[in-house]
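Report on the structure given below.
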Amino acid sequence: MPLLMSHPSSLLHETGLGHPERVDRMHAITAELERRDWLGFEKREAPAVSVEQLLAVHSREHVDAVRETSARGGAFDLDTPTSTGSWEAALHAAGGACALVEALMDGGERVGFSLLRPPGHHAERARAMGFCLFANVAVAARHALSSLGASRVFVLDWDVHHGNGTNAIFHESREVLFASIHQYPFYPGTGPLSDVGAGDGEGFSINLPVPAGAGEDLFCGLVEHVVLPAARAFDPDIVMVSAGFDAHRDDPVGGCALSTSAFAELTRQVLSLGKPVGCVLEGGYDLDALAGSVAETMEVLASDGAGPGSHPRGPLVEAAAEAVGRFWDLS
Ligand SMILES: [Zn+2]
């Protein structure tokens, strides 16, 4: 049975009037899933992450700063405010991702979704930013590698923003293959095609910038012709998706043009790897688009139905294939 990790503390992280990353996102998704009878997912309460799990990725100063800033309801920057409930919410957001990989690495479950906030992919080792406090996916990937017997974790980040935190945390690692498709130039400014990782991790960061207006053909073409062949060659034990939905055409923050059904296709593509898949919620700020896209993604996760379609190799896909093909056999 597919797993859905959630926790009421996701409603306690308050970001203030007008902030797009808001409590209502959870209410919208919950209402949609309720309407669809939870799509056959088994709901489990996300545990709090342990401080040890956090310290495998973050500095102690950073963990302390999140606790102390939350306790006084302070802000890390204009984008990244906290409230007194943020500490607990952040612990469960990271903990849900860790519990999801535990269930997947156990061999019992094949797919799941960690549906919590705040999001995580912008948080760096020692820095909260971009609505993110802890790097939920990175913490869970590190947990899978250090404690659950995984040797290789593949992370696909399809949020419209570059996953700078995950990228930086594993920049020199061969244990994580990180691939991000993101609008560029755009916040946070990182993630050019030329950023391929460094040192031992050279080739293990795949950054695929796309222009504003990019739609399903480009996103899915990059996944089909660049990301999936590299991921197959990498042969991960587990796949994690930084599942943001702000590349949706209705999103007020992102400038891309995915339809709700494009997220279903991206999910079919990821499933075609034949590995356990854990999705972790990142962005997505139009409530209807977010709720519908999460539900479409979960519906595909829960199905054992059709594989993905085929998508064009345009010039941007060719350029990306040439760059990534220096490190991976994409044939
Ligand atoms: Zn985003």
Side-chain angles (χ1 to χ4, degrees), residues 10 13 15 18-26 28-29 76-81 89-90 93-94 97 113-124 127-138 155-169 178-192 195 206-216 218-219 222-223 227 240-260 262-263 266-267 270 279-294 296-297:
S10 286
H13 169 56
T15 50
H19 197 292
E21 204 294 283
R22 58 207 192 274
V23 171
D24 281 349
R25 298 175 69 227
M26 287 292 127
I29 297 169
F76 286 95
D77 57 36
L78 284 175
D79 284 338
T80 319
F113 204 116
S114 187
L115 190 62
L116 297 112
R117 58 185 285 280
H121 72 151
H122 294 306
E124 297 181 346
R127 186 180 181 197
M129 60 180 274
F131 316 165
C132 300
L133 301 178
F134 295 132
N136 305 323
V137 166
V155 176
L156 173 60
D157 186 326
W158 73 45
D159 188 280
V160 79
H161 301 97
H162 178 233
N164 61 290
T166 318
N167 195 30
I169 287 162
F178 172 75
S180 176
I181 305 175
H182 44 272
Q183 187 179 333
Y184 188 89
F186 198 45
Y187 182 89
T190 46
D195 179 358
I206 298 178
N207 282 297
L208 303 171
V210 299
E216 179 170 349
L218 184 50
F219 271 74
L222 286 166
V223 171
V227 174
M240 301 194 70
V241 178
S242 259
F245 298 92
D246 42 8
H248 194 284
R249 62 163 67 108
D250 293 341
D251 194 88
V253 173
C256 287
L258 295 186
S259 59
T260 302
F263 292 102
L266 286 166
T267 308
V270 171
C279 292
V280 179
L281 182 67
E282 301 284 1
Y285 307 105
D286 178 86
L287 296 183
D288 290 340
L290 170 66
S293 301
V294 167
E296 290 275 311
T297 300

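In this text the structure is predicted, and so the values were computed from the model without any measurement. Counting starts at 1 for both ligands and their atoms, following the listed order.
- E282 lies apart from the Zn ion (ligand 1) in this respect, since none of its N, O or S atoms is found at a distance under 2.8 Å.
- Put simply, the side chain of H122 never gets that close to the backbone of P188: no donor and acceptor are under 3.5 Å apart.
- Checked against a 6.0 Å centroid threshold, the rings of H161 and F186 count as neighbours.
- Between H248 and F263, the two ring planes are parallel [angle under 30°; tilted spans 30° to 60°].
- Y187 and F131 have their aromatic ring centers separated by at least 6.0 angstrom.
- The N, O or S atom of D159 lying closest to the Zn ion (ligand 1) is OD1.
- For H161 atom ND1 and D246 atom OD2, the angle they make at the Zn ion (ligand 1) is roughly 100°, to 10 degrees.
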